[in-house]
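The figures here come from the full heavy-atom set of this structure, side chains too, leaving out hydrogens, waters and symmetry mates.
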Protein chains: 2
Amino acid sequence: MPQMKTSADLRVHNQTRLLRAVHDADQPLTRASAARVLGIGRNTIAALVGELETAGLLHEVPAATTGRGRPTTLLLPHPRGPVAFAADIREDSWTLAQIELGGRLTGLETGEHDRTPAVFDDIRRATRRHATDRLVSLGIALAGPILDGRRLHISHLGWDEVDLYEQIGDDWPPTVVVDNDARLAGLAEARRGALRGAGTALHFHIDFDIGGTLLLGGHTQRGAHNIAGEFGHMPLTGGSGLRCMCGVQGCWSLDVGTNALLRRFGREPGYGAGRQLGREILARAEAGEAEAGRAVDDNAVALGRGLGALANALDPEAITLSGLGVELIRLRRDLIEHACAEGLMEFRRAQPPRILAGTVGEAGPLRGAAETAFDAVLSAGWLRGRI
Amino acid sequence: MPQMKTSADLRVHNQTRLLRAVHDADQPLTRASAARVLGIGRNTIAALVGELETAGLLHEVPAATTGRGRPTTLLLPHPRGPVAFAADIREDSWTLAQIELGGRLTGLETGEHDRTPAVFDDIRRATRRHATDRLVSLGIALAGPILDGRRLHISHLGWDEVDLYEQIGDDWPPTVVVDNDARLAGLAEARRGALRGAGTALHFHIDFDIGGTLLLGGHTQRGAHNIAGEFGHMPLTGGSGLRCMCGVQGCWSLDVGTNALLRRFGREPGYGAGRQLGREILARAEAGEAEAGRAVDDNAVALGRGLGALANALDPEAITLSGLGVELIRLRRDLIEHACAEGLMEFRRAQPPRILAGTVGEAGPLRGAAETAFDAVLSAGWLRGRI
DNA sequence: GCGATTTTGTTCTTGGTGAGAACTTAACGG
DNA sequence: CCGTTAAGTTCTCACCAAGAACAAAATCGC
């Protein structure tokens, strides 16, 4: 809704609504159901669909008849319609995937990288290998804040202030969108996971430390400099008085996440080392080993305490977790919820936020990157140019 | 933009945009400037204005000519156009005011109350005294969270769970909107004050304790149960290990605000007592008394520390303060900013959020209530019914 | 098996919307 | 006093969605 003034805008607007409905629907929409969903006449939907079909965006296929009435058609993505690519850059590997209208995600390629910004070249080359003229945009998920949308800070790769614009040349797809992985994982939950339909929600990705995003009506919150979401760097649990790598004292991240687990066992957390040991600690806790169990307990309590505090401030209806958070919920749900309740103001304890494991899984950042990248297609501006 | 489908919607939509532009403008818009602002043709604006004039919403007055060209007209609120009332319920007094298109606020009446929900009767009677057929809606500002929009918790009045629906009968104006005062003060700053035009911003009202709101694109954030904004009840400074009246340990509010000042002087904070002493402490600090000065120092440092933490999470471009916060900025700006920087992640310290005193002043909650109440008029739904 | 029913697609008319061009009006300036 | 400038007015036009009436294609009941 950038602006909407003329009757020509109206047509594009309704077509965008239609494409969005098709994209977000669980099952393929029929032509008639689309009309009902949009609250629009059957005659009008015919016009919309017609133009979108000739524009190569929608493809109509006869629908299996169910019950009475004239058979209708399914609205499917056009086989030669636009697609977006999505890349997820993890610790030492990356994945490239493709998404099309309707949300179908297809893996394209996976590779390893050398933990330097040369990974952008890898992805550029992979993109070029798989690109067709259907490719519209590329979304990239990165495990760190991206100041002003261009300056990357990825502590566990040792990237201090990598300029994104220097990494991205001119020979990329039309639009490149780069965003933080925790934020994108939250977006994935909001679009395709446990946070569907939630008005106000929080998502946290717990890895070595903890990052997340506030979700409002299915939109992630970016902040003024595109670095909103560093919830892990609030002193929500005191942080045992330690100083955090981020430069602040007492961060929540010092008590929650794999780094906190490692510290319990004398391993001073570094740049991403120790993931294996972290998994081991979890396994030993599950097997009943006392010291490991206590470490996990502390992690869960600190997590819950922080969630309660954040719930006071932001009043989410649900909170989802990914990464280590999924394991913590599985092993210590009661501890988390109890600690959360303790952090909640008394009058809110009757209606605590639901704390859920994310359902999108490890592909969260990739899925989120795909969704943001495909958002370019689902905009009035792009559509105007296409039709 | 609830939904927008037909060409009739388009007309109402543009008329709403026009009214909003008139309402939000600093100086009265001329007909021609409105056309430019909306990016719409002169002929179209004529049609819009014409209908709005006959609907009794706008009133055209010849504009003073400046320079060449055919003289135009000013778009002013219609003298018999719709107005909203706004009420601010403070500790032991209340104010009723009227707002009209363009934002002009006119005080109507002030009264005292007995700190019981009987104050709603006072306001109902005052509203009836001043009501004309121009009255469309009433906004009420209250100093506490309003769970699910109906259950009031105002600690310093001793209201534990007052049901708003029982207080509001049927003989009120068409629409009654009730909201938290800190949130409304923030809205006032966003609409008419220091936060105009800010995308992501925070506002805090510091009184006995501290409450606030996250502002996104000029909209306050309400949360899932309408109780977002209790930032004072996060453990951002440790709270000296004390337990807060809210039921949680270590709240930020224990270290920031008048209650924190009082506790320094041995006064256990109760339900709103001690405001006078709080003012005295500030005055003594300003006069150079050491102990009072240290109390104010601590308050400022705790404030800054919390703001830094919140900035990490939410990345606001600006933070405004009202209430005691204005004094703290005046007396201890450096301390606040320094403490804030210490709480900011290192890589953000080059671009700290601006920390500003609110410019709307004490009328903030009233102004905010007026704006929300008047929002009813500036909606497509209401307009559709009126024309 | 055939007609009634139900649901959907199609066609045509209609009211409404803003854009654009051309023209008019009303000020100022030299 | 006439040219310039800016704004209001009028008229045509392309376009859009709604609504009504009708046609098409399936199921259901007898």
Side-chain angles (χ1 to χ4, degrees), chain A residues 1-18 21 28-55 58-76 380 383-384 387, chain B residues 1-19 21 28-55 58-75 380 383-384 387:
Chain A
M1 71 232 87
Q3 52 186 3
M4 171 80 155
K5 303 175 302 187
T6 88
S7 21
D9 295 339
L10 200 52
R11 169 58 60 99
V12 180
H13 171 73
N14 277 332
Q15 280 169 333
T16 309
R17 291 206 306 146
L18 174 56
L29 287 179
T30 67
R31 198 199 259 229
S33 65
R36 277 189 296 268
V37 167
L38 298 193
I40 231 175
R42 297 193 300 272
N43 43 6
T44 306
I45 213 86
L48 299 181
V49 170
E51 285 182 60
L52 290 176
E53 175 126 32
T54 59
L58 282 183
H59 183 54
E60 280 191 289
V61 170
T65 65
T66 91
R68 288 185 174 182
R70 174 173 175 171
T72 180
T73 55
L74 291 178
L75 302 179
L76 299 178
L383 207 56
R384 214 184 308 268
I387 292 183
Chain B
M1 69 230 89
Q3 52 186 5
M4 168 82 156
K5 303 175 300 186
T6 88
S7 23
D9 295 339
L10 198 54
R11 171 57 60 98
V12 180
H13 170 74
N14 277 333
Q15 280 169 335
T16 308
R17 290 207 306 146
L18 174 55
L19 286 182
L29 287 179
T30 68
R31 198 199 259 228
S33 65
R36 277 189 296 267
V37 168
L38 297 192
I40 234 176
R42 296 195 300 273
N43 45 4
T44 306
I45 214 84
L48 298 181
V49 170
E51 285 183 60
L52 290 176
E53 174 125 33
T54 61
L58 281 183
H59 183 54
E60 282 191 289
V61 170
T65 65
T66 91
R68 288 185 174 182
R70 176 172 173 169
T72 179
T73 55
L74 292 178
L75 302 179
L383 208 56
R384 215 184 307 268
I387 293 180

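- The CD1 atom of I45(B) sits 15 Å away from the P atom of dT17(C) (whole-angstrom rounding).
- Rounded to whole Å, atom C1' of dA7(D) lies 12 Å from atom CD of E60(B).
- Atoms CE (M4(B)) and P (dC16(D)) sit 14 Å apart, rounded to a whole Å.
- At a threshold of 4.5 Å between non-hydrogen side-chain atoms, the residues R11(B) and L48(B) count as touching.
- Rounding to the nearest 0.5 angstrom, the gap separating the CG atom in L75(B) from the CZ atom in R31(B) is 7.5 Å.
- When rounded to the nearest whole Å, the span between NZ of K5(B) and P of dG16(C) equals 18 Å.
- Comparing T44(B) and R31(A) along DNA chain C, the residue whose closest nucleotide (by nearest heavy atom) sits nearer the 5' end is R31(A).
- Residues V37(B) and R17(B) fail the side-chain proximity criterion, which asks for heavy atoms closer than 4.5 Å.
- Note that OG1 of T30(B) is 6.0 Å distant from CZ of R36(B), once rounded to the nearest 0.5 Å.
- The base of dG19(D) lies close enough to the side chain of N43(A) for a donor and an acceptor atom to sit less than 3.5 Å apart.
- In terms of position on DNA chain D, the residue among G67(A) and E51(A) whose nearest nucleotide sits closer to the 5' end is E51(A).
- Closest approach to the A32(A) side chain among dG8(D), dA17(D), dG9(C) is made by dG9(C) (side chain taken as heavy atoms from C-beta onward).
- Side-chain contact between T44(B) and L38(B) is absent, with no heavy-atom pair separated by less than 4.5 Å.
- What separates CD1 of I40(A) from C1' of dG9(C) is a distance of 16 Å, to the nearest Å.
- Between L48(A) atom CG and dA18(D) atom P there is a gap of 9 Å when expressed in whole angstrom units.
- Ranking dC28(C), dT8(C), dT9(D) by closeness to the R68(B) side chain, first place goes to dC28(C).
- Using a 4.0 Å heavy-atom distance criterion, S7(A) is classed as a base contact.
- Here dA25(D) is the nucleotide among dA25(D), dT8(C), dT27(D) with the atom lying nearest to any side-chain atom of P71(A).
- Considering only the side chain of R70(A), dA24(D) comes nearest among dA26(D), dA24(D), dG8(D).
- Which of dA26(D), dA17(D), dG8(D) sits closest to the side chain of T65(A) comes down to dA26(D).
- Atoms CZ (R42(B)) and P (dC23(C)) sit 14 Å apart, rounded to a whole Å.
- Within 4.0 Å of R11(A), counting heavy atoms only, lie sugar-phosphate atoms of the nucleic acid but no base atom.
- What separates NE2 of H13(A) from P of dG18(C) is a distance of 15 Å, to the nearest Å.
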